[in-house]
Amino acid sequence: MDHNKIRVRFAPSPTGPLHIGGVRTALYNYLFAKKQGGEIILRIEDTDQNRFVEGAEQYIIDAFNWCGIKFDEGVVEGGPFGPYRQSERKGIYQKYAFDLINSGHAYYAFDTGKELDEIRKSYESEKKTFIYNAIERKKLRNSLTLSQEELQSLLNKDTPFVIRFKMPANSDIILNDLIRGEIKVNTGVLDDKILFKSDGMPTYHLANIVDDHLMEVSHVIRGEEWLPSLPLHKLLYDAFDWKAPEFAHLPLLLKPEGNGKLSKRDGDRLGFPVFPLQWKDPKSGEISSGYREDGYFPDAFINMLALLGWNPGDEKELFNMDELVEAFSMERVGKSGSKFDPDKARWFNHQYLITKTDDYLAMLFIPILKSKKVSNTDSTFVATVIGMVKERANFIEDIWDHSSFFFVAPESYDPKAVKKRWKDTSYDEMHQLKLVLEGINDFTSSNIETILKTWIEENELGTGLVMNAFRLLIVGALKGPHLFDIVAMIGKDETLNRIDKGLINLGRKETINI
RNA sequence: GCACCGUUCGUCUAGCCAGGUCAGGACGCCAGGUUUUCAUCCUGGUAACACGGGUUCAAAUCCCGUACGGUGUACCA
């Protein structure tokens, strides 16, 4: 094995859907590894049986498939360091916990959760904080205070126990973080963390260190919420006499209100999705929206996420995955948490939408047309329409609002537009315009334009008046692309029909107003 | 409470490490232009170094303090 190889991991616990902060952490891991020709592992940290959520692991896998983050090893791909699910590695951890006891770095503790709760409460009532540390451990029931015989007897009777780390009483330790630099902490403020639970499972701290070591992880890139645990983790590597990996603690994604980190529980209440994919809670049945279902392109989503906390140092903002890999560096990851900006997310999606081919967009749009019961879903026709309107859309769904009149005649006429543009003379002018249109055989945009403009000039009609009234009949509102392009697309018969229909609906202005 | 981390336009950020720039860009917003319409697009504008002290000829940049925010402080991860 090449010990200089870059190996990173993303290690979520399957307690629900992954939120965008988690996706970003995985993304930075991926970019960091790929930039340096390294590998990325997906490891599932399911040591807490109580918090297991049905479907969460599959959700995580689906989410990464959708957004294009590919793992080299993990629960799906397998690999030489498996299994990659901690519940399946259960047998591994116990040995290491006992090694720590034997080397004097850990000890048995027999205090029950209930006992500890009571101690905490009584301390609290005296306005003191209880921490299970070098001082307090001397007063409690553990292998440090018990005699050899008492200890043996408790163990023989299968008394439940946990294994705690024996935190040094008072020593300064220097830690290094790739993003934050040097951090100094005194162990006196730290507690004797539980490494191994009474249910026979390791806690995060133990499992994490053991697995990262066994899987030859070179860089641990994780959220800032882990920074306070870094001293413990460093001490654990030292206790095992293992070489510790490099650490990088990423700034958190914050709630837009500016208090607290983004969490799974934020669901839909923020006004934008916090999950990559839609999620249905298996217990409550509650549905939370996802970026995929909201119409975001995966590459836009990734681009947007990458720029939230990292920047290339120049003014380039649009990156595909390959470009991100090429440009990424940990030095350019920021230190402070960032709030998500839904407007900017929409802008990113717009940028990606306009670069997609018309044919590709048509493929995505046709199902929407079918759901609207549109009869003409010919892909060439749809693609042409999309080419005319995509500049104005942020999402595929938006295209309908910008193009419905290519597919169906207006059901109603925008009242404001009617009031403003349907003048006294409009009825007669449109009636005459229809007669002119009827005479055109070469019904192409440019030909219609030439003929109508000539007709307008010869009859000394106002271009604006005629065109706006005409647009009203065809589109139903004062919006949309070049009008001659629209009528050429919908064809002569449909155009004439819409004029007839409009003349009936709108009538002469006098008859409306009086 | 204690520990650690952080703080540049409303938001994402450049600049800080190696002090000297009208503190730059993007989103948003506003105005003008283009368009027979709407949108796009183009041009312009708006708006920030948390505060106080120190070092220095010179501080967003280095040092100290304060405030504010965040994370952690579970037999959760």
Side-chain angles (χ1 to χ4, degrees), chain A residues 11-15 45-48 50-51 109 111-113 116-117 120 124 127-131 160-164 175 177 179-181 183-186 188-191 193-199 201-205 207-208 222-231 249 251-252 254 256 258-261 304 307-317 331-332 334-348 350 354 389-393 398 401-402 414 417 420-421 453 456 462-472 475 477-484:
Chain A
S13 65
T15 56
E45 307 222 328
D46 54 350
T47 53
D48 186 358
N50 302 320
R51 296 212 305 160
D111 325 276
T112 65
L116 260 15
D117 279 346
R120 282 198 190 93
E124 231 170 84
K127 295 211 167 177
K128 288 196 288 184
T129 311
F130 171 77
I131 37 176
F161 65 87
V162 300
I163 297 175
R164 283 182 183 270
L175 306 156
D177 181 273
I179 292 170
R180 281 151 228 284
I183 299 163
K184 202 170 99 179
V185 182
N186 187 285
V189 300
L190 273 17
D191 64 342
K193 274 274 172 300
I194 290 175
L195 264 18
F196 199 79
K197 300 183 269 189
S198 58
D199 66 358
M201 287 293 257
T203 60
Y204 170 82
H205 304 292
N208 191 263
R222 73 227 301 196
E224 195 185 346
E225 71 267 30
W226 292 111
L227 198 51
S229 304
L230 182 56
H249 290 87
L252 265 17
L254 274 17
N259 44 28
K261 61 170 180 173
M304 175 272 291
L307 271 292
L308 215 52
W310 169 86
N311 74 84
D314 59 28
E315 279 161 18
K316 184 170 158 76
E317 288 198 283
E331 290 78 54
R332 297 210 62 86
K335 289 178 168 66
S336 48
S338 30
K339 292 174 199 157
F340 180 79
D341 181 3
D343 278 327
K344 188 107 188 203
R346 279 188 277 275
W347 176 80
F348 271 112
H350 174 73
I354 60 179
V389 302
K390 69 177 177 185
E391 282 283 353
R392 40 191 92 202
D398 294 348
D401 290 334
H402 296 297
D414 175 23
K420 199 172 163 196
R421 299 294 187 183
K453 285 204 165 156
I456 288 167
T463 305
L465 283 177
V466 173
M467 293 304 294
N468 281 308
F470 188 19
R471 179 176 291 277
L472 209 40
V475 175
L478 298 177
K479 64 172 190 181
H482 198 54
L483 186 54
F484 300 110

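Naming: A, B, ... by sequence-line order, numbering from 1 per chain. Computed over heavy atoms, backbone and side chain alike; hydrogens, waters and symmetry mates excluded.
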Whole angstroms only, please: what is the [atom1]-[atom2] distance between [X] and [N]?
{"X": "Arg471(A)", "N": "U35(B)", "atom1": "CZ", "atom2": "P", "value": "14 Å"}
{"X": "Leu307(A)", "N": "U11(B)", "atom1": "CG", "atom2": "P", "value": "17 Å"}
{"X": "Lys479(A)", "N": "A39(B)", "atom1": "NZ", "atom2": "P", "value": "11 Å"}
{"X": "Asp414(A)", "N": "A39(B)", "atom1": "CG", "atom2": "P", "value": "13 Å"}
{"X": "His350(A)", "N": "A26(B)", "atom1": "NE2", "atom2": "P", "value": "15 Å"}

Hits for ring pair (Phe, Tyr, Trp, His ring centres under 6.0 Å) against His205(A), two or more places apart or cross-chain, chain-then-number order -> His233(A)
Go through the structure and list residues passing ring pair (Phe, Tyr, Trp, His ring centres under 6.0 Å) with Trp347(A), not counting sequence neighbours. none
My understanding is that a pair needs two contacts under 3.5 Å, Watson-Crick or G-U wobble. By that rule, which nucleotide pairs with [N]?
{"N": "A14(B)", "answer": "none"}
{"N": "A3(B)", "answer": "U71(B)"}
{"N": "C38(B)", "answer": "none"}

Could you list the residues that satisfy salt bridge (Lys or Arg N to Asp or Glu O under 4.0 Å) with [X], not counting sequence neighbours?
{"X": "Asp48(A)", "value": "Arg51(A)"}
{"X": "Lys261(A)", "value": "none"}
{"X": "Lys420(A)", "value": "none"}
{"X": "Arg222(A)", "value": "none"}

RNA chain B: 5'-proximal contact among Phe484(A) and Gly313(A) (nearest heavy atom): Gly313(A)
Verify, without hydrogens or angle tests, whether His350(A) (side chain) and Ala393(A) (backbone) share a donor-acceptor contact under 3.5 angstrom. yes
With no hydrogens and no angle check, is any side-chain donor or acceptor of Thr203(A) less than 3.5 Å from a backbone partner on Ile194(A)? yes
Output one line per pair: protein atom, nucleotide atom from nucleotides 43-50 of chain B, and distance, for all N/O pairs under 3.5 Å.
none

Heavy atoms under 4.0 Å, any strand shown: does [X] hit a base, just sugar-phosphate, or nothing?
{"X": "Gly462(A)", "answer": "nothing"}
{"X": "Leu483(A)", "answer": "base"}
{"X": "His249(A)", "answer": "nothing"}

Using a distance-only criterion (donor-acceptor N/O pair, under 3.5 Å, no hydrogens), is the base of C38(B) paired with the side chain of Arg392(A)? yes
Under 4.0 Å between a side-chain N or O of Asn311(A) and OP1 or OP2 of A14(B)? yes
Tell me whether the side-chain N/O atoms of Arg332(A) come closer than 4.0 Å to OP1 or OP2 in C12(B). no
Who pairs with Asp343(A) by side chain to side chain donor-acceptor pair (under 3.5 Å), at least two apart in sequence or on another chain? Arg346(A)
Asp111(A): what forms a side chain to side chain donor-acceptor pair (under 3.5 Å) with it, not counting sequence neighbours? Tyr132(A)
Could you write out each protein N or O paired with an N or O of nucleotides 73-77 of chain B at a distance under 3.5 Å?
{"from": "C75(B)", "atom 1": "O2", "to": "Ser198(A)", "atom 2": "N", "distance (Å)": "2.8"}
{"from": "C75(B)", "atom 1": "O2", "to": "Ser198(A)", "atom 2": "OG", "distance (Å)": "2.7"}
{"from": "C75(B)", "atom 1": "N3", "to": "Ser198(A)", "atom 2": "OG", "distance (Å)": "2.9"}
{"from": "C75(B)", "atom 1": "N4", "to": "Asp111(A)", "atom 2": "O", "distance (Å)": "3.1"}
{"from": "C76(B)", "atom 1": "OP2", "to": "Lys197(A)", "atom 2": "NZ", "distance (Å)": "3.1"}
{"from": "C76(B)", "atom 1": "O2'", "to": "Asp48(A)", "atom 2": "OD2", "distance (Å)": "2.9"}
{"from": "C76(B)", "atom 1": "O2'", "to": "Arg51(A)", "atom 2": "NE", "distance (Å)": "3.0"}
{"from": "C76(B)", "atom 1": "O2'", "to": "Arg51(A)", "atom 2": "NH2", "distance (Å)": "3.2"}
{"from": "C76(B)", "atom 1": "O2", "to": "Arg51(A)", "atom 2": "NH1", "distance (Å)": "3.4"}
{"from": "C76(B)", "atom 1": "O2", "to": "Arg51(A)", "atom 2": "NH2", "distance (Å)": "3.2"}
{"from": "A77(B)", "atom 1": "OP1", "to": "Thr47(A)", "atom 2": "OG1", "distance (Å)": "2.7"}
{"from": "A77(B)", "atom 1": "OP1", "to": "Lys197(A)", "atom 2": "NZ", "distance (Å)": "3.1"}
{"from": "A77(B)", "atom 1": "OP2", "to": "Tyr204(A)", "atom 2": "N", "distance (Å)": "3.2"}
{"from": "A77(B)", "atom 1": "O4'", "to": "Arg51(A)", "atom 2": "NH2", "distance (Å)": "3.4"}
{"from": "A77(B)", "atom 1": "O3'", "to": "Glu45(A)", "atom 2": "OE1", "distance (Å)": "3.4"}
{"from": "A77(B)", "atom 1": "O2'", "to": "Ser13(A)", "atom 2": "OG", "distance (Å)": "3.2"}

Scan nucleotides 2-8 of chain B nucleotide by nucleotide, 5' to 3', and note B when protein non-hydrogen atoms come under 4.0 Å of the base, S if they reach only the sugar-phosphate, - if neither. -SSSSS-
Nearest 0.5 angstrom please: Glu224(A) CD to Asp177(A) CG, how far? 9.0 Å
Which protein N or O atoms sit under 3.5 Å from an N or O of nucleotides 27-33 of chain B?
{"from": "C27(B)", "atom 1": "O2'", "to": "Lys344(A)", "atom 2": "N", "distance (Å)": "3.3"}

